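Everything numeric in this text was worked out from a predicted model, so none of it was measured. Order of the sequence lines sets the chain letters (A, B, ...), proteins ahead of strands, with each chain counted from 1.
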Amino acid sequence: MDNIIETPESNYGQLTIAEATLIQEKLRAQVNLSPMEGEIKTIAGADISLDLNSEIVYAGMVVLSYPDLNPISYSLVQTTNIFPYVPGYLAFREIPALLKVYEQFPVKPDCIMFDGNGILHKRRLGIATHFGVLTDTVTLGCAKKKLAGNYADPGETKGEYTLVTDKGDTIGFALRSKINVKPVFISPGHRMSLRDSMDIAMKCLRKHRLPEPTRRAHEFVNKFRTGELKEGYHKLEQWSLF
DNA sequence: GCGACAG
DNA sequence: ATCTTGTCGC
């Protein structure tokens, strides 16, 4: 039973929703939302890309300098998908591949931003939180749509935000990341506070709706799927025009 | 039964 | 998630 939790890459594909729920409830007790310690010098964005009708998963992470936000390295891994997409269980679909992606980094990033939620989740265990607890890393989530909770629409100015609450708990923020766009949903994953997640997300905003880490991860992973980038760990030169 | 529903 | 055409704005 416990080995299911220890080896997600080999067992998540066989899980039932009931078993997955038990794992989330067990991991929940290990989540750390205390203020982040230490300075962030690098932040990674994580994402996956899929083919239309294929089992292939193209997963990747891009490490950016912080607060400059320039890509300095990236890791790409191709795997076969096993777990289906079920709202609330995204982690079981993407984490096996992302663990392999993470393992390829000779030097780990100080923080990782996921394309999905942290504690902004019915059981407070979105993909960012799940990955953080599993690997004991500092993580946060940035989703493009609301998964759980309630919120009021934030003001139209870039940087305005409102709280997302659920059953009396504040579980994240609806952030207007750019003028005239729908808000994105920010929440801490692991080893950082709600305030930390907002501070970091805000500092990662540039000209686009999505913060640079996840925007870059999405970009790189798509280039990987279309063949423009190759699998493996790659270090970018400082003068690279990325 | 009717909505809600990360990617 | 992915597929698509046009359109608006910097």
Side-chain angles (χ1 to χ4, degrees), chain A residues 8 12-13 15 17 20-21 23-24 27-28 31 45-61 76-99 101 112-132 139-151 153 156-158 164-167 171-175 177-190 197 201 205-211 213-228:
Chain A
Y12 277 1
L15 293 179
I17 294 300
T21 303
I23 289 176
Q24 292 181 330
L27 291 177
R28 180 175 183 173
V31 181
D47 194 17
I48 69 165
S49 182
L50 306 167
D51 268 324
L52 213 48
N53 33 41
S54 157
E55 305 289 288
I56 304 176
V57 175
Y58 301 87
M61 284 177 56
L76 302 170
V77 172
Q78 185 183 118
T79 65
T80 294
N81 185 48
I82 34 190
F83 200 87
Y85 168 65
V86 180
Y89 301 87
L90 177 66
F92 296 92
R93 179 175 175 78
E94 304 195 350
I95 278 187
L98 289 176
L99 283 175
V101 166
I112 308 171
M113 179 183 285
F114 289 78
D115 194 350
N117 297 293
I119 63 170
L120 204 168
H121 181 280
K122 188 177 181 184
R123 287 172 295 284
R124 312 291 183 262
L125 219 97
I127 185 170
T129 303
H130 193 136
F131 187 98
T139 65
L140 74 160
C142 175
K144 298 181 290 298
K145 297 176 185 173
K146 189 200 77 170
L147 172 65
N150 301 293
Y151 73 101
D153 206 40
E156 291 301 325
T157 303
K158 176 179 181 178
V164 177
T165 60
D166 183 41
K167 299 171 183 173
I171 58 177
F173 308 94
L175 168 67
S177 53
K178 178 184 181 216
I179 190 171
N180 289 336
V181 299
K182 302 181 69 173
V184 292
F185 299 85
I186 307 299
S187 62
H190 186 52
S197 69
L205 296 183
R206 285 293 183 267
K207 295 181 172 183
H208 307 269
R209 180 192 177 217
L210 295 184
T214 48
R215 189 182 73 80
R216 289 297 200 171
H218 191 265
E219 172 190 338
F220 276 57
V221 114
N222 269 312
K223 287 186 175 180
F224 178 31
R225 177 171 58 81
T226 58
E228 190 173 335

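Rounded to a whole Å, the NZ atom of A/Lys207 is 17 Å from the P atom of C/dG9. The CD1-P distance, from A/Ile95 to C/dA1, rounds to 17 Å in whole Å. Counting to the nearest Å, the P atom of B/dC5 and the CG atom of A/Asp166 are 12 Å from each other. Nucleotide B/dA6 holds its P atom 15 Å from the CG atom of A/Asp47, rounded to whole Å. Following rounding to the nearest Å, A/Tyr151 (OH) and B/dC5 (C1') show an atom-to-atom distance of 13 Å. Rounded to an integer number of Å, the gap from CG of A/Leu90 to P of B/dA6 is 9 Å. In this structure, OH of A/Tyr85 is placed 10 Å from P of B/dC5, rounded to the nearest angstrom. Between the CD1 atom of A/Ile56 and the P atom of C/dA1 there is a distance of 19 Å, rounded to whole Å.
Counting any heavy atom pair closer than 4.0 Å across all strands shown, A/Asn53 reaches no nucleic acid atom. If you check every strand for non-hydrogen atoms under 4.0 Å, A/Asp115 touches sugar and phosphate atoms only. A/Tyr89 comes within 4.0 angstrom of a nucleotide base, judged by non-hydrogen atoms across all strands. A/Ile127 comes within 4.0 angstrom of a base, heavy atoms only. Within 4.0 Å (heavy atoms only), A/Gly88 reaches at least one base atom of the nucleic acid.
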Q. So what is the 5' to 3' dot-bracket string for DNA chain C, if pairs are Watson-Crick or G-U wobble with both distances under 3.5 Å, crossing pairs use [ ] and | means the partner sits on another strand?
A. ..........
Q: Give the dot-bracket string for DNA chain B, reading 5' to 3', where a pair is Watson-Crick or G-U wobble with both distances under 3.5 Å, ( ) marks pairs inside the strand, [ ] marks pairs crossing earlier ones, | marks a partner on another strand, and . marks unpaired.
A: .......
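Ring pair A/Phe185/A/Tyr151 is perpendicular by interplanar angle, where above 60° counts as perpendicular and below 30° as parallel. Ring geometry, A/Tyr58 versus A/Phe224: the interplanar angle exceeds 60°, so the pair is classed perpendicular (tilted spans 30 to 60°).
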Q | Worked check of side-chain hydrogen bond (donor to acceptor under 3.5 Å, both in side chains) between A/Ser49 and A/Asn222 | A | CA-CA 6 Å; A/Ser49 182; A/Asn222 269 312; 3.0 Å; yes
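You'll find the side chain of A/Lys158 reaches within 4.5 Å of the side chain of A/Leu205, heavy atoms only. Residues A/Ile23 and A/Leu15 meet the side-chain proximity criterion, which asks for heavy atoms closer than 4.5 Å. You'll find the side chain of A/Val101 stays beyond 4.5 Å of the side chain of A/Leu76, heavy atoms only. In this structure, A/Ile186 and A/Cys142 have side chains that are in contact, with non-hydrogen atoms separated by less than 4.5 Å.
The shortest non-hydrogen separation linking A/Thr139 to A/Ala128 is OG1-O, 2.7 Å. Closest approach of A/Lys178 to A/His208, counting heavy atoms only: CD-C, 3.9 Å.
Aromatic ring centroids of A/Phe114 and A/Phe131 lie under 6.0 Å apart.
Contact annotation: A/Lys146 side-chain N/O to B/dA4 OP1/OP2 distance is not under 4.0 Å. OP1 or OP2 of C/dA1 sits under 4.0 Å from a side-chain N or O of A/Lys144.
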For nucleotides 2-6 of chain C, give me every protein contact, N/O to N/O, under 3.5 Å, one pair per line with atom names.
from: C/dT2; atom 1: OP1; to: A/Ser49; atom 2: OG; distance (Å): 2.8
from: C/dT2; atom 1: OP1; to: A/Asn222; atom 2: OD1; distance (Å): 3.2

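No option in A/Lys145, A/Arg216, A/Lys144 other than A/Lys144 meets the salt bridge (charged side-chain N to carboxylate O under 4.0 Å, His left out) test with A/Asp115.
Between A/Lys122 and A/Asp166 there is no salt bridge, since no side-chain nitrogen of the basic residue lies less than 4.0 Å from a carboxylate oxygen of the acidic one.
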